[in-house]
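This one's a predicted model, so the numbers in the text were calculated from it and none came from an experiment.
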Amino acid sequence: EAGVAQSPRYKIIEKRQSVAFWCNPISGHATLYWYQQILGQGPKLLIQFQNNGVVDDSQLPKDRFSAERLKGVDSTLKIQPAKLEDSAVYLCASSFDGRGNSPLHFGNGTRLTVT
Amino acid sequence: AQKVTQAQTEISVVEKEDVTLDCVYETRDTTYYLFWYKQPPSGELVFLIRRNSFDEQNEISGRYSWNFQKSTSSFNFTITASQVVDSAVYFCALSDFSSGSARQLTFGSGTQLTVLP
């Protein structure tokens with residue numbers, strides 16, 4: 001089966017600019033996650049979708065980050081305006097369901113550098 | 001307090017040595033799940049194993065084995081006869097309800113394993 005697809009692979013922007021990342025989960029997976037991984041740290045959950053509804057966005061900095069999954073399949077994560085501390089790898093993952101016992105399947109991530 | 005603690009930041013071993021990666025977790029849930037993921041230099045997180053809180057049997061898969069001890073809240077990972085290809089960052093993760101209504105997967109900070117030829 002095809003894995004989780006993410007694009008772009010790399011992105012370099014200046015602070016205060018905006019950026020968007022795209023994710024296509026594994027077909028049939030109802031739950032989609034966006035994680036932020038800062039260098040040297042473990043991934044941190046930003047937002048979790050169940051189909052096209054938000055299940056948990058408690059750690060999403062909503063003043064600058066937004067995400068959507070309009071048709072319950074693809075998802076877009078946006079940062080506007082970007083700050084230096086947003087430099088990280090943004091990982092998208094999907095799972096068959098969101099009950100917590102299904103393994104998450106991760107994409108290769110988008111490495112964002114904010115200068 | 002950290003929910004998932006991986007105290008070993010970096011470990012170096014010589015090929016064919018055995019190595020154990022430690023993981024200690026904290027949760028108030030009675031039903032929870034523990035995971036190990038591998039992150040090679042390519043960056044993609046690869047699922048290795050899942051355990052639920054009611055199954056304390058140790059598991060072996062080839063050169064990999066896992067020791068789950070509820071009494072000490074630990075879920076340690078051992079690689080036997082390590083190989084250079086095992087070099088990666090290994091993450092332990094906990095799935096529980098944390099402070100919300102949805103299960104959340106929380107990762108530890110990872111252990112960088114380097115296997116030298």
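- Test B:Tyr37, B:Tyr25, B:Tyr90, B:Phe35 against B:Phe107 for ring-ring contact (aromatic ring centres under 6.0 Å, His included) and you get one pass: B:Tyr37.
- Put simply, the side chain of A:Gln37 never gets that close to the backbone of A:Val89: no donor and acceptor are under 3.5 Å apart.
- Using a 4.5 Å heavy-atom cutoff, the side chains of A:His29 and A:Ser102 are not in contact.
- At a 4.5 Å heavy-atom cutoff, the contact between B:Gln39 and chain A is made by side-chain atoms alone.
- Evaluated for a side chain to side chain donor-acceptor pair (under 3.5 Å) with B:Asp96, the options B:Thr27, B:Thr30, B:Thr106, B:Thr31 yield exactly one hit, B:Thr27.
- Within the 4.5 angstrom heavy-atom criterion, no atom of B:Tyr32 approaches chain A.
- For chain A, no part of B:Thr9 is nearby; none of its heavy atoms comes within less than 4.5 Å.
- If you check the side chains of B:Thr78 and B:Thr20, you find a donor sitting under 3.5 Å from an acceptor.
- Between chain B and the residues A:Gly42, A:Pro43, A:Gly40, A:Gly109, the largest count of heavy-atom pairs under 4.5 Å involves A:Pro43.
- Neither the backbone nor the side chain of A:Gln6 has a heavy atom closer than 4.5 Å to any heavy atom of chain B.
- Using the six-membered ring where Trp is involved, B:Tyr64 and B:Phe77 have ring planes that are perpendicular, over 60° apart on the 30 and 60° scheme.
- Of the atoms belonging to A:Leu91, it is side-chain heavy atoms, and not backbone ones, that fall under 4.5 Å from chain B.
- With respect to chain A, the highest number of heavy-atom pairs below 4.5 Å among B:Arg51, B:Gln112, B:Glu44 belongs to B:Glu44.
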